[in-house]
Amino acid sequence: MSGTRIQSTGKTTLITDSHGAVTLTTPIRFKRRSGRKLVTLPEERKDPRPWDKAITPLQVALARAHRWSAFLASGEAETLRDIAAKNGVDNSYVSRILNLTLLPPDIVEAILDDALPNHITLFDLAVDPPLLWKEQRERVQTSMSKNCCTTGDQSERSPF
């Protein structure tokens with residue numbers, strides 16, 4: 001015996017056919033997280049599991065943006081080139097990532113809560129963002145409505 005356990009939090013059904021074959025059905029949901037497919041259990045589960053709290057690439061980028069912004073504000077780095085050299089990345093990447101510090105609080109909260117739809121990428125938020133928060137919100141909502149209409153998925157609603 002391999003010691004593998006299957007734990008169910010949803011209602012599991014067991015069906016046995018006339019030939020003795022057994023079918024076990026457990027409700028699951030597939031969720032795309034940063035381009036990867038992730039199996040998640042029904043919302044009934046109350047205790048969080050460590051793997052459900054994985055940090056998303058958008059959250060990592062947001063943390064980097066604020067850390068690099070603090071480096072500039074404190075004088076620890078004088079230019080974007082200094083930051084790029086210290087982190088082994090390109091100057092343009094640093095510039096794009098720093099744009100995330102200009103996002104409105106509700107979009108930042110949606111990133112931290114992992115409430116943005118999966119099709120909204122770092123590119124959508126960090127490359128050439130509008131200066132006004134209202135326009136940034138409109139850009140995100142437009143991106144959400146385009147995906148909703150092209151995929152037919154009406155379940156993705158705006159988190160803000």
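Not measured: the values here are computed from a predicted model.
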Test: Asp124 and Arg139 ion pair at under 4.0 Å:
no
If only atom types and distance count, is the side chain of Gln59 paired as donor or acceptor with the main-chain N or O of Ile111 below 3.5 Å?
yes
Set of side-chain contact (heavy atoms from CB on, under 4.5 Å) partners for Thr23, sequence neighbours left out:
Ile15, Thr25
Nearest-0.5 Å distance, CG of residue Asp106 to CZ of residue Arg137:
4.0 Å
Ile107 and Trp133: same hydrophobic cluster, using ILVMFWY side-chain contacts below 4.5 Å?
no
Going by the side chain to side chain contact (heavy atoms under 4.5 Å, CB included) test, name the single residue among Leu62, Val60, Val127, Ile97 that passes it with Leu122.
Ile97
Same apolar cluster: Val140 and Leu112, side chain cutoff 4.5 Å:
yes
The reported gap from CG in Leu102 to CG in Leu125 (rounded to nearest 0.5 angstrom) is 12.0 Å
Give the minimum heavy-atom separation between Glu76 and Lys86, together with the two atoms involved.
O-NZ, 2.9 Å
With sequence neighbours excluded, what pairs up with Glu109 under the side-chain contact (heavy atoms from CB on, under 4.5 Å) test?
Asp113
To the nearest 0.5 Å, how far apart are CD1 in Ile83 and CD in Glu78?
11.0 Å
Using atom types as modelled and distance alone, determine if a side-chain donor or acceptor of Trp68 lies under 3.5 Å from a backbone N or O of Ala77.
no
Closer than 3.5 angstrom, by distance alone: can the side chain of Asp82 be matched with the main-chain N or O of Thr79 as a donor-acceptor pair?
yes
In Å, rounded to the nearest 0.5 Å, how long is the span from CG of Leu80 to CG of Leu72?
6.0 Å
Check for a donor-acceptor pair, side chain of His119 on one end and backbone N or O of Ser143 on the other, with a separation under 3.5 Å.
yes
First locate atom CG of Leu98, then atom CZ of Arg67, and finally report the distance between them rounded to the nearest 0.5 Å.
11.0 Å
Kindly list each side-chain donor-acceptor pair under 3.5 angstrom involving residues 88-95, sequence neighbours excluded, with atom names and distances?
| residue | atom | partner | partner atom | Å |
| --- | --- | --- | --- | --- |
| Asp90 | OD2 | Ser92 | N | 3.2 |
| Asp90 | OD2 | Ser92 | OG | 2.5 |
| Tyr93 | OH | Arg64 | NH1 | 2.9 |

